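Just below is one structure, and these are the notes that go with it.
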Amino acid sequence: MTDTTATKTINELVLEISEDKIVSTAIPVAIAIGEAGVLHQYALEDKEELLAKGLSEDTINELAPRAKFLQEQQSVWTAVYESALTSTQEWEEKIEEASLLQRELKYDFQFAYRNHPDILKKLQNILDGNSHMDLIQDMSDYPAFARQYPEPLEAILFDTTKTERALQLSHELFDLMNKVDGVKNSKNRPEKLMRDRAYTYLKQLVDEIRAYGKYAFWNDEEKQKRYSSEYQRRKFARNTKEKTSDNAL
């Protein structure tokens, strides 16, 4: 796909936008794409008047490919984010399971080694700490400790499936941790940045065409509405109504 005003692809042109020029999404992306489509139709209908004010036909024609590019980048980012979000939910479930298992293992091991002060002293290294990283490490340390000092656990008929599950959880939680960090640091994800660049690239053109439309039809109230965001108008009207209702109380 190429930009209609240059030989460079849209992807290349979007990447040329400096980071200080990238704007955050002011409205939901799906609505921004939809409004760009509607604006394109209005601009085609009013093309003669817009061109008479200096707007180029190429500028109007660029709207559709820029909107499509944003739609593609939004799909990529949505897939990445939802995948990471699923990982977050899974993380929370496994953290809860690991916390409960940690509590059981703590009492099992303390009871098993109650008559072995030297071993119990070494166990304290596992018992200390309460962060998620400590929890993940504990899930790995308890099985290792059980292998090193098995007899006291055998004496209390300890259920070895607990340490087997603990070791499995330690691996699962470690893998999930990186994905969860991806959600927490989503602003820095390349897919998110590319989506924001694509949004900025479309918005630049939308703002330009709307500015020309408002200028060309400065004395036509109905045509003026064509060249403003319906979403923003409705939001403004809703906020004004709510503010008026609050003042009436």
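Keep in mind that this is a model prediction, so the values were computed, not measured. In what follows, residues are counted from 1 in the order of the sequence shown. Below, all heavy atoms of this structure are taken into account, side chains as well, without hydrogens, waters or symmetry copies.
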| query | Say you draw a straight line from CD1 of I136 to CG of L173; how long is it, rounded to the nearest 0.5 Å? | reply | 5.0 Å

| field | Test side chain to side chain contact (heavy atoms under 4.5 Å, CB included) applied to K68 and L70, step by step | value | CA-CA 5 Å; K68 184 178 180 182; L70 173 57; over 6 Å; no

| note | Minimal heavy-atom distance between P143 and M139, with the atoms involved, is CD-O, 3.1 Å

| field | Gap between atom CD of E72 and atom CD1 of I10 - 0.5 Å precision | value | 8.5 Å

| request: Taking the side chain as every heavy atom from C-beta outward, state whether W77 and R189 have any atom pair closer than 4.5 Å. | output: yes

| query | Do V76 and R195 have side chains that get closer than 4.5 Å, going by heavy atoms? | reply | no

| So, does R197 use its side chain to make a donor-acceptor pair with the main chain of I17 at under 3.5 Å? | yes

| said: How long is the straight-line distance from CG of L169 back to CD of Q102, given to the nearest 0.5 Å? | reply: 11.0 Å

| query | Are V14 and V206 in one and the same hydrophobic cluster, where Ile, Leu, Val, Met, Phe, Trp and Tyr link if side-chain heavy atoms are under 4.5 Å apart? | reply | no

| request: Give the cluster check for L101 versus F158: same hydrophobic cluster or not, with ILVMFWY residues linked at side-chain heavy-atom distances below 4.5 Å. | output: yes

| Should the heavy atoms of other residues, nucleotides or ligands under 6.0 Å from CD of E16 be counted, would the total exceed 12? | yes

| request: Measure the spacing between CD of E35 and OH of Y42 and express it to the nearest 0.5 Å. | output: 10.0 Å

| message | Test your reading of the model: is there a side-chain donor-acceptor pair from T59 to the backbone of L55, 3.5 Å cut-off? | response | no

| remark: CG of D141 to OG1 of T163, rounded to nearest 0.5 Å, is 12.5 Å

| query | Going by heavy atoms in the side chains, are R233 and K225 under 4.5 Å from each other? | reply | yes

| said: Under a 3.5 Å distance rule, please check whether R66 uses its side chain to pair with a backbone N or O of Y201 as donor and acceptor. | reply: yes

| query | Of D138, I126, L127, which is the lone residue that meets side chain to side chain contact (heavy atoms under 4.5 Å, CB included) with K106? | reply | L127

| message | Within the supplied structure, the quantity of interest is the number of heavy atoms (other residues, nucleotides, ligands) at a distance under 6.0 Å from Q124 CD; does it exceed 12? | response | yes

| Below 4.5 Å, heavy atoms only, C-beta onward: do Q74 and Q71 meet side chain to side chain? | no

| message | For T9 and N11, which I'm curious about, is there any donor-acceptor pair between the side chains at under 3.5 Å? | response | no

| said: To check you understand the geometry: which heavy-atom pair defines the closest contact between A146 and Y113, and what is its length? | reply: CA-OH, 4.3 Å

| Within a strict 4.5 Å, meaning less than it, do heavy atoms of the H132 and W91 side chains meet? | yes

| query | For Y212, is the NZ or CZ atom of K53 found under 6.0 angstrom from the centre of its six-membered ring and inside 45 degrees of the ring axis? | reply | no

| said: Testing the basics here: between L105 and A166, what is the closest heavy-atom pair and its distance to 0.1 Å? | reply: CD1-CB, 4.1 Å

| task | Give a yes or no on whether F217 and L44 share a hydrophobic cluster (residues Ile, Leu, Val, Met, Phe, Trp, Tyr; joining criterion: side-chain heavy atoms under 4.5 Å apart). | result | yes

| remark: Distance col, row E230:CD vs K235:NZ, nearest 0.5 angstrom, shows 14.5 Å

| request: Determine whether K122 and F145 make a side-chain contact, defined as any pair of heavy atoms from C-beta on separated by less than 4.5 Å. | output: yes

| said: Does any part of the side chain of H171, heavy atoms only, come nearer than 4.5 Å to the side chain of S140, both counted from C-beta? | reply: no

| query | Does the side chain of D46 come under 3.5 Å of the side chain of Y227 through a donor N or O and an acceptor N or O? | reply | yes

| task | Of all the heavy-atom pairs spanning L39 and R226, show the shortest one and how long it is. | result | CD1-O, 4.0 Å

| message | Measuring only between side-chain heavy atoms, which start at C-beta, is E96 closer than 4.5 Å to E93? | response | no

| Testing D108, L123, L167 for side chain to side chain contact (heavy atoms under 4.5 Å, CB included) with Y142, which one passes? | L123

| query | Going only through I, L, V, M, F, W and Y residues with side-chain contacts under 4.5 Å, is there a path from I22 to Y199? | reply | no

| Where the side chain of Q73 meets the backbone of A198, is there a donor-acceptor pair that is under 3.5 Å apart? | no

| Candidate pair Q168 and E172, rule side chain to side chain contact (heavy atoms under 4.5 Å, CB included), full reasoning | CA-CA 6 Å; Q168 186 179 16; E172 292 172 353; 3.4 Å; yes

| query | Would the number of heavy atoms belonging to other residues, nucleotides or ligands and lying under 6.0 Å from CD of E19 be above 12? | reply | no

| request: Tell me whether I60 is reachable from Y215 by hopping between hydrophobic residues (I, L, V, M, F, W, Y) whose side-chain heavy atoms are closer than 4.5 Å. | output: no

| From CA spacing to verdict: side chain to side chain contact (heavy atoms under 4.5 Å, CB included), S229, R234 | CA-CA 9 Å; S229 168; R234 289 184 176 180; over 6 Å; no

| query | Could R114 and F111 be counted as a cation-pi pair, given that NZ or CZ must be under 6.0 Å from the ring centre and within 45° of the axis? | reply | yes

Which side-chain N or O atoms in residues 23-31 pair as donor and acceptor under 3.5 Å with protein atoms at least two apart or in another chain?
none

| D58 versus S56, side-chain donor and acceptor atoms under 3.5 Å | no

| request: Would you indicate whether K203, at its atom NZ, is surrounded by more than 12 heavy atoms from other residues, nucleotides or ligands within a distance under 6.0 Å? | output: no

